[in-house]
Protein chains: 2
Amino acid sequence: MLNSYSSEDKVLLSVDCIIFGFDNEGLKILLIKRDFEPERGKWSLMGGFLKKEESLNNAATRVLNHYTGLQNVYMEQLYAFSEVDRDPVDRTISVAYYALINIENHNTELIKNYDAEWFNISNMPKLIFDHDDMVAHAIRRLRYRTSTKPVGFELLPEKFTMRQLLELYEAILDKALDKRNFISKINSLDILVKLNEKDMLSSRKGSYLYMFDKEKYDAKSLNNFALNL
Amino acid sequence: MLNSYSSEDKVLLSVDCIIFGFDNEGLKILLIKRDFEPERGKWSLMGGFLKKEESLNNAATRVLNHYTGLQNVYMEQLYAFSEVDRDPVDRTISVAYYALINIENHNTELIKNYDAEWFNISNMPKLIFDHDDMVAHAIRRLRYRTSTKPVGFELLPEKFTMRQLLELYEAILDKALDKRNFISKINSLDILVKLNEKDMLSSRKGSYLYMFDKEKYDAKSLNNFALNL
DNA sequence: CCAAAAGTGTTGTGTTTACACCCATGG
DNA sequence: CCATGGGTGTAAACACAACACTTTTGG
């Protein structure tokens, strides 16, 4: 009789998503007002339970899509949170994921219906359960990941200015960066294309738009792009 | 009726441990010969199921202690593996942990009884299920962690020579390091104490023994010791 | 013509790498 | 006395950090 591990305990597994976005006000995360007990009305990450016939990655993707309407989003598994009393209702282990989205692309209708809201990471409400820990983890991981892989572009529109890119890195790393040094480091990586097109909204002179050149980046097959900021 | 999420699926959760050790032959991991079906007789990581009343960290610690007799071991959660068909017997999500132990300290009787064996990481058998992935993950994480936190010492005896430390880093990073540069980097961190005691086994001249000075390290409260090797 | 942001290089400092010889000792 | 590993410093190349002025143009 070997087709089950019959005497072992089974538990609930959930995923919780830390959804990052970026705009000219800084780095933000998307939170939802919980509409069921316990902790109804408190702010929470977006989550859901793992179904028996899906992987954790699938579950995280499903949850993200459900709340934002988005697909093909950069997501990464963070950590499994498993303190026995972390959820007062039932024993639940939660695997946290973070996602990087272009804040302009998601379905604003959808998030309004869910009572969701973007919060600046420096100005966030207290969250339920251990969700604050999850967010802290996510920010640490995002800092590491952005200095190691070109994932920052996921948070920007397809075409962006150097100023936007600079401000993105400043927001993620939470420190001021030198404009000239930053630009020459980025240029030395040789993974952007400069377009013959300017963004005229931010200044009279206008500033050039750039795009991330994924082909070029992949061709280099760096396993680590070591952006030492 | 709010004291359960009653309609959600429950699943089995297990932990699997990648146990690293180091000796003069290199970096090793401890594997066990599986003694039940399926895959009886194949090599496997040491694992066990999560019990309802313990956290994942507790479960990992319990499993490690069960197989090695060790306590107070450096362990870190790696990643949750959740492909639907990863375990043919039953739907099981497994959270991988890695541990760093001083290979001389564990209970050799115990591991003999369990049909366990140390394998050099460059010379490992194929493992069951997705355990090879877990090991690959663990090695990557160990590389990152050792260049960022002083965890390498967990793999060495309390007193060790510079040569041992050098060879440890060479084994972890899988590359040759320059002896003089390595020693001056380590010394510049100022976290070792040089003892008035030599190891006379490795050479006629004898080489000085060192200890990691945790107090000194903590006092500096570096959040990252940036050993750029 | 002026306010506001864009764009652009150089220099000093510190870090990293490459490299080779003498020392101490047990046998 | 010699074989073996232990221990030590310097110079060149490179990467990083600090720094300020000119350009453009809409209003």
Side-chain angles (χ1 to χ4, degrees), chain A residues 23-26 143 146-148 156-157 159-171 173-211 220 222 224-229, chain B residues 23-26 143 146-148 156-157 159-171 173-211 220 222 224-229:
Chain A
D23 65 15
N24 56 10
E25 290 160 28
R143 279 185 191 147
T146 47
S147 56
T148 240
L156 294 173
K159 300 173 181 182
F160 51 86
T161 65
M162 276 292 179
R163 163 177 282 256
Q164 284 177 290
L165 188 60
L166 172 70
E167 288 179 350
L168 171 65
Y169 275 89
E170 288 185 328
L173 302 175
D174 191 28
K175 68 175 180 189
L177 298 173
D178 180 274
K179 180 172 54 156
R180 279 177 288 187
N181 293 339
F182 178 81
I183 293 174
S184 50
K185 268 183 198 173
I186 294 291
N187 283 333
S188 74
L189 293 174
D190 188 30
I191 55 173
L192 297 186
V193 269
K194 185 176 189 168
L195 305 176
N196 280 322
E197 198 180 338
K198 287 190 166 191
D199 167 51
M200 298 309 294
L201 300 172
S202 63
S203 74
R204 315 232 146 113
K205 185 178 179 180
S207 63
Y208 281 103
L209 289 165
Y210 293 79
M211 285 177 66
K220 290 178 200 283
L222 316 164
N224 169 329
F225 85 3
L227 197 46
N228 302 306
L229 306 171
Chain B
D23 65 15
N24 56 10
E25 290 160 29
R143 278 185 191 146
T146 47
S147 56
T148 241
L156 294 174
K159 301 173 180 182
F160 51 85
T161 64
M162 277 292 179
R163 163 178 283 254
Q164 283 177 292
L165 188 61
L166 172 70
E167 288 179 350
L168 172 64
Y169 274 90
E170 288 185 329
L173 303 174
D174 191 27
K175 69 174 179 188
L177 299 173
D178 181 274
K179 179 172 55 158
R180 280 177 289 188
N181 293 339
F182 178 81
I183 293 173
S184 50
K185 268 181 197 173
I186 294 290
N187 284 333
S188 75
L189 293 174
D190 187 30
I191 55 172
L192 297 187
V193 270
K194 184 176 191 169
L195 305 176
N196 279 324
E197 198 180 337
K198 287 190 165 191
D199 166 52
M200 299 307 294
L201 299 171
S202 63
S203 73
R204 314 211 167 181
K205 185 177 179 179
S207 62
Y208 281 103
L209 289 166
Y210 291 79
M211 285 177 66
K220 289 177 199 284
L222 317 163
N224 169 327
F225 84 3
L227 196 46
N228 302 308
L229 306 171

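Per chain, numbering begins at 1; letters A, B, ... match sequence-line order.
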Legend entry - Strand DNA chain C in bracket notation, Watson-Crick/G-U under 3.5 Å with | for pairs to another chain: |||||||||||||||||||||||||||

Inset, instruction - Keeping to residues at least two apart or across chains, list the ring pair (Phe, Tyr, Trp, His ring centres under 6.0 Å) pairs with something in residues 178-197 of chain B. - result: B:Tyr169-B:Phe182

Output a table of donor-acceptor pairs, distance under 3.5 Å, between side-chain atoms of residues 184-192 of chain B and any protein atom two or more places apart or on a different chain; print 'none' if there are none.
from	atom 1	to	atom 2	distance (Å)
B:Ser184	OG	B:Arg180	O	3.0
B:Ser184	OG	B:Asn181	O	3.2
B:Lys185	NZ	B:Asn228	O	2.3
B:Asn187	ND2	B:Ile183	O	3.3
B:Ser188	OG	B:Lys185	O	2.7
B:Asp190	OD1	B:Lys216	NZ	3.2
B:Asp190	OD2	B:Lys220	NZ	3.4

Inset, instruction - Indicate yes or no: at least one non-hydrogen side-chain atom of B:Met162 is less than 4.5 angstrom from one of B:Tyr210. - result: yes

Legend entry - side chain to side chain contact (heavy atoms under 4.5 Å, CB included) partners for B:Thr161, two or more places apart: B:Arg163, B:Gln164, B:Asp199, B:Ser207, B:Leu209

Inset, instruction - State which residues pass ring pair (Phe, Tyr, Trp, His ring centres under 6.0 Å) with B:Phe160; sequence neighbours excluded, sorted by chain then number. - result: B:Phe153

Legend entry - salt bridge (Lys or Arg N to Asp or Glu O under 4.0 Å) against A:Asp174, all qualifying residues, sequence neighbours excluded: none

Legend entry - Residue list, side chain to side chain contact (heavy atoms under 4.5 Å, CB included) with A:Glu170, at least two apart or on another chain: A:Leu166, A:Glu167, A:Ala176, A:Leu177

Legend entry - Letter per nucleotide, 5' to 3', of nucleotides 4-13 of chain D [B base touched, S only sugar-phosphate touched, - untouched; heavy atoms, 4.0 Å]: -BBBBB----

Legend entry - Nucleotide interval of DNA chain C bounded by contacts with chain B (heavy-atom cut-off, under 4.0 Å): C:dT16 to C:dG27

Legend entry - A:Met211: side chain to side chain contact (heavy atoms under 4.5 Å, CB included) partners, not counting sequence neighbours: A:Glu158, A:Lys159, A:Val193, A:Leu195

Legend entry - Residues in salt bridge (Lys or Arg N to Asp or Glu O under 4.0 Å) contact with A:Asp23, at least two apart in sequence or another chain: A:Lys28

